[in-house]
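Everything numeric in this text was worked out from a predicted model, so none of it was measured.
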Amino acid sequence: IAFILLIVFYRFNFFSIYSDNVVSLITAAFIVNQITTIKKYSVLENPVMNFLGRISYGIYVYHPFFISLLLFVFKKNKIAITPLVMLISVMTATIIMSYLSYEILEKPFLRIKKRYTVTG
């Protein structure tokens, strides 16, 4: 809700890597959620967050690349875009590339890792 309110009132800077307002509000929401609920269910425990957690390394690696690439492409082709269109474009490209990277590159290494992990 706080994220949506910040967008509505144009206080969220889409292009900054760290937005103090958003980080503070999300962190506070997680803390309040854990303190106030009897059943310790985290908002992070759902299929969407599990999926994003699986591909999180790819998101970390590819996100800056797609910000730069899409800004370059949009400017070079003189395409006027809104911050919301840029946000959706970057997020979509990043998630798709991160998923493909996970399936093609990371999964084979994770399978190899299981063979050489010592347990016990």
Side-chain angles (χ1 to χ4, degrees):
I1 292 171
F3 180 74
I4 292 169
L5 288 174
L6 287 170
I7 291 172
V8 169
F9 293 108
Y10 301 104
R11 298 227 353 114
F12 181 71
N13 182 359
F14 288 103
F15 300 108
S16 70
I17 295 173
Y18 300 103
S19 176
D20 295 338
N21 293 334
V22 174
V23 172
S24 298
L25 288 171
I26 291 172
T27 303
F30 285 133
I31 292 169
V32 169
N33 178 54
Q34 289 300 308
I35 292 172
T36 58
T37 56
I38 295 170
K39 180 183 175 192
K40 294 299 179 193
Y41 173 78
S42 173
V43 292
L44 298 175
E45 295 174 14
N46 63 60
V48 173
M49 289 298 178
N50 288 337
F51 170 74
L52 291 175
R54 246 189 331 273
I55 65 169
S56 64
Y57 181 72
I59 292 171
Y60 166 76
V61 170
Y62 297 118
H63 189 76
F65 170 75
F66 280 112
I67 291 173
S68 300
L69 177 69
L70 291 174
L71 279 173
F72 174 77
V73 168
F74 288 142
K75 284 182 181 180
K76 184 165 177 80
N77 294 314
K78 296 182 172 96
I79 299 170
I81 56 166
T82 64
L84 185 59
V85 169
M86 184 65 181
L87 176 70
I88 292 169
S89 301
V90 168
M91 286 177 61
T92 302
T94 301
I95 289 171
I96 290 170
M97 186 63 187
S98 298
Y99 173 74
L100 292 173
S101 174
Y102 176 78
E103 291 293 326
I104 296 168
L105 299 173
E106 291 179 55
K107 264 189 173 178
F109 283 106
L110 292 172
R111 282 193 292 271
I112 292 169
K113 176 184 159 186
K114 286 180 184 176
R115 282 190 260 163
Y116 296 103
T117 302
V118 178
T119 56

Group every Ile, Leu, Val, Met, Phe, Trp and Tyr by side-chain heavy-atom contacts under 4.5 Å, then state whether I55 and L110 land in the same group. yes
OH/Y102: more than 12 non-hydrogen atoms of other groups inside 6.0 Å: yes
Please check if atom CZ in F51 has more than 12 non-hydrogen atoms from other residues, nucleotides or ligands closer than 6.0 Å. yes
What is the distance from atom [atom1] of [X] to atom [atom2] of [Y], rounded to the nearest 0.5 Å?
{"X": "L100", "Y": "M97", "atom1": "CG", "atom2": "CE", "result": "6.5 Å"}
{"X": "I81", "Y": "I79", "atom1": "CD1", "atom2": "CD1", "result": "8.5 Å"}
{"X": "R54", "Y": "K107", "atom1": "CZ", "atom2": "NZ", "result": "7.5 Å"}

Between T94 (side chain) and M91 (backbone), is there a donor-acceptor pair under 3.5 Å? no
Is a side-chain N or O of N46 found less than 3.5 angstrom from the main chain of V48, in a donor-acceptor match? yes
Would you tabulate the side-chain donor-acceptor contacts of residues 58-76 under 3.5 Å, counting partners in other chains and residues two or more places apart, or write 'none'?
{"from": "Y62", "atom 1": "OH", "to": "S101", "atom 2": "OG", "distance (Å)": "3.2"}
{"from": "S68", "atom 1": "OG", "to": "P64", "atom 2": "O", "distance (Å)": "3.3"}

